[in-house]
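So the structure is just underneath, and the comments pick up after that.
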2 protein chains.
Amino acid sequence: MTVTIYDVAREANVSMATVSRVVNGNPNVKPSTRTKVLETIERLGYRPNAVARGLASKKTTTVGAIIPDVSNIFFSELARGIEDIATMYKYNIILNNSDQNRERELQLIDTMYEKQVDGILFMSDNISKEHIEQFKGESVPVVLAATYDEKNRVPSVNINYEAAGYEATKYLIDQGNERIAFISGDKEAVINQLKYQGYIRALKESFLPINDDYILNNQYTHDDAVQSIQQLLEMTDKPTAVFTTSDELALGAIHGTQDKGYKVPEDLEVFGFNNTRLATMVRPALTTIDQPTYDIGAVAMRLLTKLMNKEEVEESNVILPHRIVERNSTK
Amino acid sequence: MTVTIYDVAREANVSMATVSRVVNGNPNVKPSTRTKVLETIERLGYRPNAVARGLASKKTTTVGAIIPDVSNIFFSELARGIEDIATMYKYNIILNNSDQNRERELQLIDTMYEKQVDGILFMSDNISKEHIEQFKGESVPVVLAATYDEKNRVPSVNINYEAAGYEATKYLIDQGNERIAFISGDKEAVINQLKYQGYIRALKESFLPINDDYILNNQYTHDDAVQSIQQLLEMTDKPTAVFTTSDELALGAIHGTQDKGYKVPEDLEVFGFNNTRLATMVRPALTTIDQPTYDIGAVAMRLLTKLMNKEEVEESNVILPHRIVERNSTK
DNA sequence: GTGAAAGCGCTAACAG
DNA sequence: CTGTTAGCGCTTTCAC
């Protein structure tokens, strides 16, 4: 059957402890016996059992990642960043889709605890008291990635969404636009609210009126945005620019505009968010906020490795830089 | 510290065996003692340790998924299909990115065995003898998803790529095109070769010449396709249509054409592959082969559950249907 | 319907 | 530098 550490020990005429030492790279082994053990491991085709190891050592070298939806391009880029750093530090990722469903999120966290993960990476639009309680109830470190907790109760990696929203809107204002629409995803999502606040701040600062008709904050897909931009374009005082909270929505805005016979950016300037790969896969190419998506995942995972390793962490609520990438969807 | 099955047993005045039985839904427990145990589980906040359980039962309810790149939209949709069915059957997924690197793939498979996964879902452009040997060396069931092994040595879920390639090309021919280009990803990938064979078969069947200059088979990204289509468009006898092996490449072809001042589909008809979400996120919207990406993942995972459960499987090399979706990138 | 006891394969003191 | 010995927390016969 399967060959165990015991078989190797017997065949190599050493104790299991010694085999364990060489497998774990413990230096306290005489070179000659090390080679002997290594040889018989090779010969027998021994492969350590991570489950047994996990039970004995209370470490599984596995982390749980709870993500709204891997098939969403933003999150899949995040996931890739997480995965790459995890690999670098010899961790495996158990990936779970939550669809932002709170019940499911809570249940997934529980399952991750059952599986004895060494750490958790959590992504969601909103985190509640129940989330925090569940995290605090265990000693497993948690890091939030692209997920905002106003009270910073949990380590996290984000960008400054409010500033980004402000800058995008300001950019549009500086282009001479006075009627700027705002198209966002779920309005309950804290991150979208922050972007919205930035939008409002920029308008107010320039003494521009806030027109509720220009604000559509429950759009989810490309096609939703196609619809809603067309609706805006039918107004008599139609907007001349739109700021959207994701690139996918921005593509929808561009296409909706074009479908109606208008031109981007001549008739409508479009500003996106995230700078996902979609941003260059459209014509005109999208002006957008470059959010270092991959890096957020990578930095969050790196932070988690430090936490799991009980290393000192200077700053546990990391804010990564963002910037405006100008392309042709704005003048 | 953490509460174990032993603590529950003591508190409930039963043996660990009984606690184990109620936790596992074993019917041989008197209802009254079941409730008693359930209550103390609740009271103590007992949560079974999946690692210990895995060691004792030799089942981890975890499956390994080895995927080229989650951040690729095609694979992320596949991954989502896998994940959803896995959840349905109470399995967790350990997700690994291989970047199609054979060394890495082999090493990941090994890691999955170490982690004692109950099954493996494998995705790659090519599978070699080494892969097969590694799979056969263990009794862990494996299913290939959107991954073709000519010899059907491993259970798999695919579509008929050759037929799809043929149909796409035939469609373009029936539109009156005689100069049809072919833009594909890695030419070493078996799946791309099959699509290519279908392309060739359609041309031959209609007695159309095969022009090697029209065949560009090592394009990976949207921007690669932008370049290469522009190159084709500079030829004196430029193609009037192009068949690409992915939607991303098709978007590149569309945008390259438009960037050069030509129109799609008037000057060039473009045919994609996969019908990912990208297909409707472009103007003109993309005519493409609808490959049931999510379903391939879902069916593959379902097949794997049967294999893990040692159920009878009527057909272990599943071919799912595909179809042409007509949109506006063709006339 | 319930309990006792033997592992599952490995790590981690502790000796020597 | 190496071996002995407890467990880690649970499942699973096998009795009763």
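Throughout, a chain's letter reflects where its sequence line sits, starting with A, and its residues are numbered from 1.
- Dense packing is recorded around OH of B:Y220, with more than 12 heavy atoms of other residues, nucleotides or ligands lying under 6.0 Å away.
- Rounded to an integer number of Å, the gap from CZ of B:R47 to P of D:dC8 is 19 Å.
- OP1 or OP2 of D:dG9 lies within a sub-4.0 Å distance of a side-chain N or O belonging to B:T2.
- With contacts defined as side-chain heavy-atom distances shorter than 4.5 Å, the pair B:F135/B:R153 does not qualify.
- In terms of phosphate contacts, B:Y6 brings no side-chain nitrogen or oxygen within less than 4.0 Å of OP1 or OP2 of D:dT11.
- Distance from the side chain of A:T33 is smallest to D:dT2 among D:dG9, C:dG3, D:dT2.
- Taking every side-chain heavy atom of A:K58 into account, D:dG9 is the closest of C:dA4, C:dC10, D:dG9.
- Residue B:S15 places at least one side-chain N or O under 4.0 Å from the OP1 or OP2 atom of C:dG3.
- Among D:dT2, C:dG1, D:dG9, the nucleotide with an atom closest to any side-chain atom of B:N28 is C:dG1.
- If you check the side chains of B:Y294 and B:D84, you find a donor sitting under 3.5 Å from an acceptor.
- What separates CD1 of A:I5 from C1' of C:dC10 is a distance of 6 Å, to the nearest Å.
- End-to-end axis angle of the helix from C:dG1-D:dC16 to C:dG16-D:dC1, using five pairs per end and rounding to 10°, comes to 30°.
- A:N26 places its CG atom 15 Å from the C1' atom of C:dC10, with the value rounded to the nearest Å.
- Across all strands shown, B:V51 has no heavy atoms under 4.0 Å from either base or sugar-phosphate atoms.
- Mapping B:R34 and A:Y46 onto DNA chain C by nearest heavy atom places B:R34 closer to the 5' end of the strand.
- For B:R53, counting side-chain heavy atoms from C-beta on, the closest listed nucleotide (D:dC10, C:dT2, C:dT11) is D:dC10.
- Between A:S20 and C:dT11 there is a side-chain polar atom (N or O) within less than 4.0 angstrom of OP1 or OP2.
- A:E312 is not listed as a side-chain neighbour of A:K306, based on a closest heavy-atom distance of 4.5 Å or more.
- For A:A56, whose side chain is taken as the heavy atoms from C-beta onward, the closest listed nucleotide among C:dA12, C:dG1, D:dC8 is D:dC8.
- Distances from the side chain of A:A17 to the nucleotides D:dC1, D:dG3, C:dA4 place D:dG3 closest.
- Put simply, the residue from B:T61, B:T60, B:N24 that forms a side-chain hydrogen bond (donor to acceptor under 3.5 Å, both in side chains) with B:R53 is B:N24.
- Looking only at side-chain heavy atoms (C-beta outward), A:V14 and A:V37 come within less than 4.5 Å of each other.
- For the pair B:M16 CE and D:dT11 C1', the computed distance is 8 Å after rounding to whole Å.
- In this structure, A:N24 atom CG and C:dA13 atom P are separated by 13 Å, rounded to whole Å.
- Atom CG in A:N49 sits about 12 Å away from atom P in C:dC8, given to the nearest Å.
- Atom-to-atom, CG of B:D7 to P of D:dG9 comes out at 9 Å; the value is rounded to the nearest Å.
- OP1 or OP2 of C:dG9 has not a single side-chain nitrogen or oxygen of A:T4 nearer than 4.0 Å.
- Protein atom CD of A:E114 is 15 Å distant from nucleotide atom P of D:dG9, rounded to whole Å.
- Regarding contacts with the backbone of D:dT2, every side-chain N or O of A:T18 stays at 4.0 angstrom or more from both OP1 and OP2.
- A donor-acceptor pair shorter than 3.5 Å can be found between the side chains of A:N92 and B:N96.
- B:R21 contributes a side-chain N or O that forms a donor-acceptor pair with the base of C:dG3 under 3.5 Å.
- Using modelled atom types, one side-chain atom of B:D7 and one backbone atom of B:T4 make a donor-acceptor pair closer than 3.5 Å.
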